[in-house]
Amino acid sequence: MTSNAEAAEILRTVADLLDVLGEKFKPEAYRRAARSIESLTEGLGAVAARDELRTIPGVGEAIAEKLQEYLKTGTIPYYERLKHEVPPGLIELMRLPGLGPKTARRFWVELGIQGPNELRDAIAAGRLNGLKGFGDKKIEQIRTALGVAAAGSPSARRPIEEAYPIARSLVAGLRKGADLDHVEVAGSFRRCRETVGDLDILVTSQDPTRVFDVFTALPLVAEVKMRGGTKETVLLQGGLQVDLRVVKPEEFGSALVYFTGSKDHNIRLRSLAQDQGLKVNEYGVFRGEKRVAGATEGDVYSSLGLTWIPPELREDRGEIDEAAHGKLPSLVQERDLVGDLHVHIPPDARPDRIDPLVADARKRHLQYLGVVVAGQGADGSVWVLPEPTRARIGAVRDSAMRLLRAVEVGPGPTPQPLASVEFDYRIVRPTSLVPDLSEGAKATGCGALVAHVGSSAAHEASALAPWMEVARTLRAGVEVGPGPERLDSISGHQARESGLRLHIPTGVGAPADDPTRDIALGFARRAAASGRDVVNAQPLGRLSIGGGEPVRSPRSRPSGPRKERPGKRPPA
DNA sequence: GCCGTTTTCGGCCCGACTGTTTTCAGTCG
């Protein structure tokens, strides 16, 4: 079984091996290709089948050939050969913090060291003492790194929903303690990647020292790793690393561009600037000595002849060309969301639970709300909201708000105990490994609107394909957002490319600081979704549930059936 | 190894910080 993630990992290891061997530019070329492959929205096999491997950024003749080998055999002969040339322990060494390929290579060549254990022994035996470039501090730093590595590496990337409350708390703490003009969390957090490796916080202030002091004193901060004139790096309780940078107001835009990234986006911006005789760095855009932009992101992009690029798109997937030609998609925004078709309340909720929900929805300017009134748990057990609660949902008559009733079931026929429950549409929750479409939607005559797709293996196109097929057949929207039962942005991209629409949870009924809505919006935007691509950005009259008639709001006139895009009809 | 409205060879993003240095190499993001 081959996968994009595995292919990328092999290429990355090839890069490391070449690094240790002292190669100059090849390693970066392999890493570039690895990053591209990781951010593909489909399987390598599919790209190869179309003979389009070389259209992947950073993949040329040589790497394309190696990828073919990988797809055929599961490995790459060149990689196997390199592994025999370099002791495997060296890769571990160069991945230790503070060590790199140069140092690992020196240990190997000058001291015959082949891995962490031998390095530990060498330090204990004093063999590093007197080695050029290794003072006491350096040796101590290496000793620490070795100790941390032995204790396991806690610093893996973590899901963005874990980072959200942390980021909010840090920003609030900074604002409270220091006199700041701007604060922004940049990095992959701002691009709304599914996972973040660290947090990059950017502030403007006249008094960096004061900012660092305040920051260091925050309760979440466990340890200061590094502190310079403009930059401080800390470790939080729990091991998350945070970089805090203080810049001048006139530099804020360029710094924000620079630290929001991604790396490949930045590299492309810089080379674009070079072509125009300009230089871009975190301090601004310069023509010679003269600063031509820097205060805002808009200035920076426009000085390069580009329209402003939303952070979620800054991955070097063609967005810079699109910005140059004014062809960036118009991404879905918070204000586009006019409804929510997937709202849960507890299975034993009483009728008085409904009105506050409606009030909250109205506050968020929603026009309709789909409440799940009955469903199947993950274990197959069936639940139904108490009758008075269902009655209350049916009874709410509000000129500005329409309530809909959903049942949440598997892709097969509706289970018997739910057959008598009145509902408006189904939410399909995949309950078995392979969906059975033989009966599916037609069994009830009422199709589904929202597919509830588990994404544990979502990065693998092949694992997701059957569920996409279910959604296509049911003409269902698929839900994006954080958590294991929703699609991440890459899968959302796949969904969109197969003509499916997305559903974005709005967090209605959830606490105000619940990040689900923001993250889901971010994922949809990363998938380049516009309002048209989002089910719950459609007004009620345009909503067709289960491929049937549009839903009519109580006071609105009936509208015609929604026009289908060609080629998107479900199989007969 | 990749890549090109200055191309098929000759470049390859750029600056902060650290630790070792009397001017810089390595690492990191």
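Residue numbers start from 1 in every chain, and the chains themselves are labelled A, B, ... in the order their sequence lines are given, proteins ahead of strands. Every value quoted in this text rests on a predicted model; they were computed, and no experiment measured them.
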Using OP1 and OP2 only, check whether a side-chain N or O of [X] sits under 4.0 Å from [N].
X      : N      : answer
A/S271 : B/dC12 : no
A/N281 : B/dG15 : yes
A/Q241 : B/dC28 : no
A/K137 : B/dT21 : no
A/S262 : B/dG29 : no

Taking any heavy-atom pair under 4.0 Å as a contact, classify A/G187: base, sugar-phosphate, or nothing. nothing
Looking across every strand, which nucleic acid part, if any, lies under 4.0 Å from A/P27 by heavy atom: base, sugar-phosphate, or nothing? nothing
Mind calculating the distance between [atom1] ([X]) and [atom2] ([N]) to the nearest angstrom?
X      : N      : atom1 : atom2 : answer
A/R105 : B/dT27 : CZ    : C1'   : 18 Å
A/M226 : B/dC17 : CE    : P     : 6 Å
A/F107 : B/dT27 : CZ    : C1'   : 13 Å
A/R31  : B/dC2  : CZ    : C1'   : 15 Å

Which one, [options], comes nearest to the side chain of [X]?
X      : options                : result
A/Q141 : B/dA16, B/dG29, B/dT18 : B/dT18
A/F25  : B/dG1, B/dG15, B/dT27  : B/dG1
A/P101 : B/dT27, B/dG29, B/dG1  : B/dT27
A/K102 : B/dG15, B/dG1, B/dT27  : B/dT27
A/A62  : B/dT27, B/dC14, B/dG1  : B/dG1
A/K138 : B/dG19, B/dG1, B/dG15  : B/dG19
A/K279 : B/dG1, B/dC14, B/dA16  : B/dC14
A/I267 : B/dG15, B/dC13, B/dG1  : B/dC13
A/R270 : B/dG15, B/dC13, B/dC2  : B/dC13
A/K26  : B/dG1, B/dC13, B/dG29  : B/dG1

So A/E6 and A/Y70, side chain to side chain donor-acceptor pair (under 3.5 Å) or not? Walk me through it. CA-CA 10 Å; A/E6 191 187 48; A/Y70 167 72; 2.4 Å; yes
For the ring pair A/F189 and A/Y164, is the centre-to-centre distance below 6.0 Å? yes
Ring centre gap for A/F107 and A/F134 strictly below 6.0 Å: yes
Start at the 5' end of DNA chain B and walk down; is the nucleotide closest to A/R54 or to A/Y258 reached first? A/R54
DNA chain B nearest-nucleotide lookup for A/G277 and A/G133: closer to the 5′ end is A/G277
Looking only at the side chains, is there a donor atom on one of A/T216 and A/D213 sitting less than 3.5 Å from an acceptor on the other? no
Please verify the inter-ring angle class for A/F252 with A/H182; under 30° counts as parallel, over 60° as perpendicular, anything in between as tilted. parallel
Watson-Crick or G-U wobble mate for B/dT8, both contacts under 3.5 Å: none
Could you measure between the two C1' atoms, the one in B/dC13 and the one in B/dC28, and give it in whole Å? 14 Å
Sidechain N-carboxylate O distance under 4.0 Å for A/E232, A/R227: yes
With centres under 5.5 Å and planes under 30°, do A/F134 and B/dT20 count as stacked? no
